[in-house]
Each structure stands twice: as structure tokens, then as C-alpha cells.
Amino acid sequence: MLDLNFVRESLDAVKTALQNRNFPTESLEKFVELDAERRRVIGESDAINQQRNVSSKEIGALMQSGQKDEARRKKAEVADLKIKQAELEKQRDKSENLMRELLAGLPNIPQRDVPVGADESANVEVRSWGTLREFDFEVQDHVDLGESLGILDFERATKIAGSRFAILNGAGAKLSRALINFMLDVHTTEHGYTETLPPFLVNRQALFGTNQLPKFEADLFHLTDERGLALIPTAEVPVTNYHAGEILDAADLPKYFAAYTPCFRSEAGSYGKDTRGLIRQHQFEKVELVKLSLPENSAEEHEKLTANAERILQLLGLPYRTVVLSTGDMTFGATKTYDIEVWLPSQKTYREISSCSNCADFQARRMNLRFKRSGNAKTEFVHTLNGSGLAVGRTWIAVLENYQQADGSILIPEVLQPYMNNLEKIG
RNA sequence: GGAGACGUGGCUGAGUGGCUGAAAGCGGCAGUUUGCUAAAUUGUUGAGGAUCAAAAGUCUUCCACAGGUUCGAAUCCUGUCGUCUCCGCCA
């Protein structure tokens, strides 16, 4: 969520930013009107409140000194004020709710160095790593590889849960678990993250804090009971909200969290997209990185977080490239996003395996996550960052496809072997 | 699931209708003092909003949250959420 004063004072900058994000700007004019209205009403209402407070004190004094009639007259006065005030409060609630709705619906402002463009075609590659392997046989995709090895089963998953679910078996399940443990170990021992295992169900407030609500309701799986919980679409939700509503000590920042969780997405509106294989599932595994940072350090922390995610691919020997998303392709809450894309031989293309975003104070304002510097400084909003480190399912795909052999077996990357009872090969 | 207790500021904890944004202590910050550490001592110390060019000042809101009663509510009433204790059940 953007800052009210910022929007008020930098209307033109906000407008430009929205346009760059392909976002309609009409709501801004409405916003200005509502803002003026709101301030007028607050002023009037406060003045009445003051009168009420004064009168109430006088009534108390009159009662004590036994001036009953005078007290009764005052009471009637206050009753009138209350009626007037109730009207004003109603107006105030109305305009504040509308403003909050408008404000909560505005996306974040991209950083200056983000390429301006309408869609992903304007994304810019910032670096690539690794050498693409030359195959002297016909490559198979992960579906053919996994099914013939007996480690991947879509048919039975469909039987018990429906389409876009999968079952991993034997060495396939173990590979997934190995990837999770490997990623968590690297991030906690080499990159300084604290491992955390959060709830997989979250409430609406948490979902609002990390921007899933109100705009992306349809992407979630909701529980139908009266609690109104939803399955997490990413660990970003429970982990970033960890300190929501708190005022942290500046000395305790930055904080680094690494969390493994399953993730659940309804993928509404993506029918027909990536229907084959594990690329796009209703349930997938992910190790997520979350940082809480001082504002002045968030850009640097963003670079480091992205590098931390890339490090996993380097250790696994998987070729990738990193792109910075253009203004038109960025997600709602980000000021800047790097996508890391891994090479998939079967598709002869790079596919997203991690998305690392600096949300600046956008989420912190939504969840009221603040910090205070030493001395008598004012409270400020923390900057929040998140990125996959990495998406486990897609890493699983990349390992199968990049390490496949002519006979359909899979060589296991050396760093993973200790996590798989020193198994060197599947099949 | 059944029975009961309780939710006050960074923390502990007073406060049962007006003088309480809130005692006291701890912690934090600033100063004084003893050679350092430590101690002592004095002061200061919550978060929003409106007004203002800004600061100061002024006004206003907030004692889990949302409603209600009242001229007036942290204090009374209702609902919700959460915590604790006992019993039952359970991975």
C-alpha cells in the first residue's frame, strides 16, 4: 500500500508509475476528492468532540455542586452534538473506506532503474551462468523421464485429487526431499538465514499484508468453514507477516528467514497454460527467502538475496539467466523484481524458477510492520523482500532434464548425493 | 468437545464510571557524579489523525477487537478473537 501523504504530494509521479504498469489512473482523481472531503469532516468532528469533552466536564462539576437544572440543559446540548457528530462520523467512515479501498488497490511504484515496458518482452537479461549441455541423443522431457523411471505419477494423482496434481515416488520423492534439505542447509549455514516452519493456513489479514488480498482472491484455495482461512500460495505470506503490527528495534535488522512449505494455487484463469508436467500445479514445494531490512539497505539486500538463490543453481550445476522485470511485467507489490530462469533442454528455453522482489515499505504499511532507530527517532516502516530459493518442483524438473542420460537414467548432482544415501544415479 | 480464569504502554503491574494516555517498578534515552567497569542521582521516554510551509503549539483518537449503555467508560453490557488452568479426545 502506498503512503497517503506520498500519493497526495506526488500525484504526477504516481500517475506516471501507474501508466508504466498498465494500470488505470482514473481512481487518482476520485482519491483527491475523497481526501479533501475526509479532512474537512475530521476537522468538524474533532471540534465537536472537543466541545463534548468540555461540556461533559462541566456537567460533572454542576452535578457535584447540585445545579441539576443547569446540568440537564447541558446534557441536552451534548445530545444534539452527538447527533450531529454521528452524521459526520458516518461520512468520515465512508470516505475513509473508499480511500483505503482505492489505496489498497494501487500497485507499488517501480524503482528508477526498472526498464519501462508493456510486458515481458521489455524484460532485460542482467546475467547468465553455466554452459548449455550438448546432447548426442534425443532429449526427453521430465514427464517421459519421470514416468518411465516410475518416480512420477500423474494418472493416480488425478484419480485422487484431480488435474494439476502429481505424485512423486521412490527416488523421485527422495530427490524432492533432498532438494529441500540441501537448499535450507545452504541458506542457513552459508547465507545467514534463520530456518522457520510456519503455518500453511493463514487468515485474511495476513493475506492482505502481502498483497494477495483484495485483488487476487481467485488465485487462492479458501477453506469453507467459519474461520475463513486459506491455504498459503507461498511462504511469503506467513513469514513476512511474522512481525506484523510490531515495532522492531533498528539494531535487530536485517532479519533473514528461510522457510520450506508446500504452496497451493488455484491457477484460475491459466487453463491451457503449461498443462503438461510439473511446471504449473495446484500444489508445489518451495523454499522461500524473506528479508526484513532497513530502508537504506533494501536495494543491496535485494541483490544479495537474488545471489543467494542463484547460488543454489550454481551448486547444482544448472544453467540459468537472471532478468530484471519491466514495469509492465512486475507483480503488484514490487518496486523491482529479478526473475531467475533455469534452462530446460526439452523446451530449449529458460523457465522461471525464482522471483526475487523488493517490496520496500509497501507490504510493511499494509501489515503495520515498523521499526525504530535508537534515540527519540520516529517509527519508520521496514522494507520487506522475498524470493524463492528455489521452487523445488521446477528444480526437480531441471535436474531430471539437464542430468538425463541416453538410457533414460538421471545422474544425481554431487552436492545432492549426501542427501540421497550417496545414490549417484536414478534408474 | 466440557468447566473456569483472564486480556492495560517495550516488559512487570496498579487502576471498577469523571481529576487516568493511564500510578509504581524495570528497561530505553539524556545529563550529573566517582579514575574505568559497576553503582548512585536528576530529568525524559507510547502510537495514529487534523491544523501548520515546517517546527513548536493546539485539538482529537487509541487500555485485545467490534458494537452498546451514559452528559461522561480502561472501568458497566453484548459479540468476536486470543491466552491460561482442569477434564475428555488425539498425531
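Throughout, a chain's letter reflects where its sequence line sits, starting with A, and its residues are numbered from 1. The analysis underlying the following values was restricted to heavy atoms, covering all of them including side chains, and did not include hydrogens, waters or symmetry mates.
Picking from B:U60, B:G48, B:G49 the nucleotide with the shortest atom distance to the side chain of A:Arg38 gives B:G49. The listed nucleotides are B:C71, B:A50, B:G48; the one nearest the side chain of A:Lys75 is B:C71.
Across the protein-nucleic acid pair, A:Asn5 atom CG and B:A53 atom C1' stand 14 Å apart, rounded to whole Å. Distance A:Ile42 CD1 to B:U61 C1': 10 Å, rounded to the nearest Å. If you take CG of A:Leu248 and C1' of B:A47, they are 15 Å apart, rounded to a whole angstrom. Atom pair A:Lys82:NZ and B:G68:P shows a separation of 10 Å (rounding to whole Å applied). In this entry the distance linking CZ of A:Arg92 with P of B:U61 reads 10 Å, nearest Å.
Donor-acceptor pairing under 3.5 Å, judged by distance alone, is present between the side chain of A:Asp46 and the base of B:G49.
Taking the nucleotide of RNA chain B with the nearest heavy atom to each of A:Asn49 and A:Ile247, the more 5' of the two is matched to A:Ile247. If A:Gly43 and A:Gln50 are placed on RNA chain B by their nearest nucleotide, the residue sitting closer to the 5' end is A:Gly43.
Taking the six-membered ring where the residue is Trp, the centroids of A:Phe284 and A:Phe264 are separated by 6.0 Å or more.
Looking at heavy-atom distances under 4.0 Å, A:Asp249 makes no contact with the nucleic acid at all. No contact: A:Arg72 has no heavy atom under 4.0 Å from any strand.
Within a 6.0 Å sphere centred on CD of A:Glu296, heavy atoms belonging to other residues, nucleotides or ligands number more than 12.
Remark: A:Asn53 is not in phosphate contact with B:G72, judged by side-chain N or O atoms under 4.0 Å from OP1 or OP2.
Between A:Tyr320 and the options A:Glu341, A:Glu310, A:Arg351, a side-chain hydrogen bond (donor to acceptor under 3.5 Å, both in side chains) holds for only A:Glu310.
Across all strands shown, nothing is found opposite B:A23 as a Watson-Crick or G-U wobble partner with both distances under 3.5 Å.
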